[in-house]
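The basis for the numbers below is simple: all heavy atoms, side chains too, and nothing from hydrogens, waters or symmetry mates.
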Amino acid sequence: MTSVIKSPLGDGFEGTYEEHVEYIGLHYIINGETLSEWRNRIWDCLMYFQNKKYYTYGEKNHFCARKALSYLVDGQKLFLKCEMAICYSCNKVVYLGIGHLSVGERSVYNGLKGKFITERFRNISFNGEHWGIYQHWATACTGNK
């Protein structure tokens, strides 16, 4: 018999170790798989975890996708968040958009003219995927109306 434990990673998941490993595996989009195929592949299992209220911190209302880098890091695949998530309110795949944009001015030395010139740039933080999901809920989510 397996016991219910808190995740050894400290990420808030409550369930068996086997369930935790399965839950983490759901995040990964397989090479060549479309977002719709990914959603359909994981949906039943994801709803099982959602109904039991098994989720990690920050994923109570949405579930973020991860995609492998096209190259190996130290001989292993590395999966990064790919700015896509499933919204639990409307059950749709949502583009989360950019998480960081820069705005401002900086001085750059122009060697051809022999002087500094001022360039404008942007630098705004949207708190990662949370900004994108909040924007989705406020404007396009059909489950919150």
Side-chain angles (χ1 to χ4, degrees), residues 1-110 116-145:
M1 180 175 148
T2 56
S3 62
V4 174
I5 59 169
K6 287 207 178 240
S7 168
L9 301 174
D11 60 2
F13 186 89
E14 293 187 14
T16 65
Y17 176 76
E18 293 81 10
E19 288 174 325
H20 183 261
V21 170
E22 184 178 7
Y23 179 83
I24 296 301
L26 296 178
H27 287 88
Y28 305 130
I29 297 174
I30 299 169
N31 286 344
E33 187 175 45
T34 67
L35 289 169
S36 296
E37 291 169 342
W38 168 72
R39 181 191 171 279
N40 292 338
R41 176 176 57 84
I42 69 167
W43 188 253
D44 291 336
C45 195
L46 187 59
M47 287 299 98
Y48 165 80
F49 289 122
Q50 183 68 8
N51 291 335
K52 291 191 103 170
K53 299 191 181 347
Y54 289 172
Y55 42 79
T56 57
Y57 293 129
E59 290 191 337
K60 182 177 181 180
N61 301 310
H62 65 286
F63 187 79
C64 295
R66 292 181 174 269
K67 193 156 178 78
L69 291 175
S70 58
Y71 54 89
L72 299 178
V73 176
D74 292 332
Q76 296 187 11
K77 282 187 178 181
L78 182 63
F79 288 83
L80 300 177
K81 288 184 179 178
C82 64
E83 299 179 349
M84 301 303 291
I86 295 174
C87 172
Y88 287 139
S89 295
C90 63
N91 300 333
K92 292 184 180 172
V93 176
V94 177
Y95 172 66
L96 300 176
I98 59 174
H100 188 82
L101 179 65
S102 296
V103 175
E105 289 184 356
R106 64 178 163 227
S107 292
V108 178
Y109 184 73
N110 185 332
F116 284 92
I117 59 171
T118 302
E119 292 182 346
R120 294 178 186 230
F121 71 95
R122 298 180 178 186
N123 188 6
I124 300 172
S125 176
F126 295 121
N127 195 17
E129 75 263 3
H130 300 295
W131 170 259
I133 202 69
Y134 295 147
Q135 186 177 18
H136 165 72
W137 290 333
T139 59
C141 186
T142 58
N144 289 339
K145 293 182 180 181

Check whether any side-chain heavy atom of Lys92 sits under 4.5 Å from a side-chain heavy atom of Cys87, and report yes or no.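 Sidechains of Cys87 and Lys92: no contact.
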
Nearest heavy-atom neighbours spanning [X] and [Y]:
X      : Y     : result
Lys67  : Ile30 : NZ-O, 4.5 Å
Arg66  : Phe79 : NH1-O, 3.3 Å
Asn31  : Lys77 : ND2-NZ, 3.9 Å
Glu37  : Gly32 : OE1-O, 4.0 Å
Trp137 : Ser89 : NE1-OG, 4.2 Å

Those residues that, when tested against Glu33, pass salt bridge (charged side-chain N to carboxylate O under 4.0 Å, His left out) (two or more places apart):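 Salt bridge (charged side-chain N to carboxylate O under 4.0 Å, His left out) list for Glu33, sorted by chain: Arg41.
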
To the nearest 0.5 angstrom, please state how far the [atom1] atom of [X] sits from the [atom2] atom of [Y].
X     : Y     : atom1 : atom2 : answer
Asn91 : Arg39 : CG    : CZ    : 6.0 Å
Trp38 : Asn40 : CH2   : CG    : 11.0 Å
His20 : Phe49 : NE2   : CZ    : 9.5 Å

Please name all residues satisfying ring pair (Phe, Tyr, Trp, His ring centres under 6.0 Å) with Tyr48, sequence neighbours left out, ordered by chain then number.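 By the ring pair (Phe, Tyr, Trp, His ring centres under 6.0 Å) rule, Tyr48 matches no residue at all.
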
Contacts of type ring pair (Phe, Tyr, Trp, His ring centres under 6.0 Å), residue Phe63, not counting sequence neighbours: Tyr23, His27

Crowding at CZ, Phe116 (>12 non-hydrogen neighbours, <6.0 Å):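 No - once you tally the heavy atoms of other residues, nucleotides and ligands closer than 6.0 Å, there are 12 at most.
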
